[in-house]
Number of protein chains: 2
Amino acid sequence: MVYETKAVVRRRTLRDALIAAAERAIEKEGLRGMKARELAHTVGCAVGAIYNVFTDLDDLIFAVNALTLEQLEKTLTVAGGDTADPHADAIKALVHLGLAYTDYATANTRRWRVLFDHRLPDGKQVPTWYTANLARLFVYIEEPLRKLAPALSPARRALLARSLFSAVHGIVLVGLEEKLQHLPLPVLREQVTVMVEAMAKGLAQDSK
Amino acid sequence: MVYETKAVVRRRTLRDALIAAAERAIEKEGLRGMKARELAHTVGCAVGAIYNVFTDLDDLIFAVNALTLEQLEKTLTVAGGDTADPHADAIKALVHLGLAYTDYATANTRRWRVLFDHRLPDGKQVPTWYTANLARLFVYIEEPLRKLAPALSPARRALLARSLFSAVHGIVLVGLEEKLQHLPLPVLREQVTVMVEAMAKGLAQDSK
DNA sequence: GGAAATTTTGAACGTTGTTCAAGACTATGG
DNA sequence: CCATAGTCTTGAACAACGTTCAAAATTTCC
C-alpha cells in the first residue's frame, strides 16, 4: 500500500490544523490562551480527538515550539564575512546574530517566550529531539567565535557559544520583561550591540 | 487603640503562615505545587480564608517573591575594593556579584525561577513595589561600573548595569535549564567568570 | 452582657486537562 | 458491492484547580 489511507491523511490534516490553531492561540494570548476546548472548536473536532493525535497538550506545545525554532533559525542567516579583517568580521557576525535574535523575539514575543517558559510537570521528560533543536541555536555562534579566538578548543568554544547565546537571550528576556520597564526596541538593539561587542572584544583580548 | 486587635494579629499570623507554606510548596515542587487547598490544609485554615488575606494566589506569589528578593540581596554583598587598582577592583567586584547570583540561583533554583517565570493573567498589572524591588538588582552593579567606566552618563550606566545583570541572568538561566544539558555548578561558575570578565574588559576598552 | 460588625467556613461554581464507552466510520475479503 | 472486523471519533463525565459567598462563628464595642 503505497498511497496513504484516508485515516492517515485525516490524522495529519487534524494534526496540522491543531498546530495552526495552537499557534494562533499562543500568538494572541500566550500559553494561557491555548485551551483544549477552544482548539477543538476552532478546528471543528471533538475535544477527545486532540488526544488521538497528541498525547498531551504539552506534546502539542512542543510541536509549536519546533515550528517556532524553524522560523527563528531562518532569520539567523550569518552575515557574509568581508575577509578583510577576520577579527572585525567575526564581531560583526556576532552582532548581526544577536540583533536578528532580538528582532525575532521582539516581533514574536509570545511564541518566542513559549520556547523557554513552558515547563513540564514533574517527572515528565523533555523529548531529546527538542533538546537537540534548542541546542542548535548555539551552533550558529561557533563559526564567528572560531574566527575570533582560533586557539580555543572545540569544547571550550562550544561552551562559550552557549554562554554568548545565553547572555544575549538574557538581555532580550529582561529587556522585554513586563515585570520591569519595557525597553523600546531601538534601545534594546543598541544594548545588544554594545554588549556583544564588549563580550567579543573581551574574549578576543583574553585569548591573545 | 495602640495595641493590635485580635483580628489583626490573627490576620498577620495567617498571612505569615500562608507565605511560609507557599515557600515550602514552591521549593518542593515549583509554582505548580502551590495549591490553594493544600496551603489551607498545611496552615490549618479553610480555603476561603486565603482570600481574606490575599486577593489572589498571584498576590501570595508576589509576597513570596518579595522574600526571595530579600534573601537574594543579602547574598549580594559587594566585595570591598582594594583601591590599589580601581580598574581591576571593579572587575573583581562584578565577577563577585555574578558568582553570588549564580550561587543563589543554583541553591534556590525553584524560588529563584518564580521571580521571573510567574506570569500574570492578561490585563492584571504588576504591583509597582515589585517592579521597583526587582529593578534594585541592577543597582548593585552600578557602583563597580562607575569605577570601570567613569565617563559614562548616569543614564547610560543604569542601562549598562541592567544589561550586565541580564547577561549574567541569561547565562545562569540557560545553564540551569532542564530543556538543555544542565551545566555542573563549577562549569557554570567558570562561564560566568569568563563572560563577566570579558564584558567588563570590553566595556572598559570602549570607554577609553 | 448583648448587639453589631467582622471573620471564618466549606460547599458550590466555573474552568481546566484528560478519559473512555458508545457510536460512526473505514478498510478489507468474499 | 456488501458484510464485518477493525479503527477512529465523539462528547458526556471525571478529577483537580482557583475562586466565591451565604451562613455560622467569632470578635469588638458600648
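Residue numbering restarts at 1 for every chain, and letters A, B, ... go by the order of the sequence lines.
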### Message
Both A:Ala49 and A:Glu38 contact DNA chain C. Which one's nearest nucleotide lies toward the 5' end?
### Response
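So the residue in question is A:Glu38.
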### Query
In terms of side-chain geometry, is the basic nitrogen of A:Arg24 or A:Glu27 positioned less than 4.0 Å from the acidic oxygen of its partner?
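Answer for the salt bridge query: no.
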What nucleotide, of [options], holds the atom closest to the side chain of [X]?
X	options	value
B:Leu57	D:dG18, D:dT9, C:dT18	D:dG18
B:Tyr51	D:dT19, D:dC17, C:dG17	D:dT19
B:Cys45	C:dT9, D:dC17, C:dG17	C:dT9
B:Arg37	C:dG17, D:dT10, C:dC13	C:dC13
B:Lys35	D:dT19, D:dT10, D:dC17	D:dC17

### Query
Will you find, in the side chains of A:Thr68 and A:Arg111, an N or O donor that is under 3.5 Å from an N or O acceptor?
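On atom types as modelled, these side chains qualify, holding a pair under 3.5 Å.
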### Task
Output, in order, the C-alpha distance, side-chain angles, deciding distance and verdict of side chain to side chain contact (heavy atoms under 4.5 Å, CB included) for B:Val194 and A:Leu159.
CA-CA 11 Å; B:Val194 169; A:Leu159 218 52; over 6 Å; no
### Task
Check whether any side-chain N or O of A:Asn52 sits under 4.0 Å from OP1 or OP2 of D:dT9, and answer yes or no.
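For A:Asn52, the contact criterion (side-chain N or O under 4.0 Å from OP1 or OP2 of D:dT9) is met.
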### Message
Would you say that A:Arg32 contacts B:Arg119 through its side chain, given a criterion of any heavy-atom pair below 4.5 Å between the two side chains?
### Response
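Side-chain contact under 4.5 Å: yes.
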### Task
In whole angstrom, give the distance that lies between atom CE of B:Met34 and atom P of D:dA16.
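So the CE-P distance, B:Met34 to D:dA16, works out to 19 Å.
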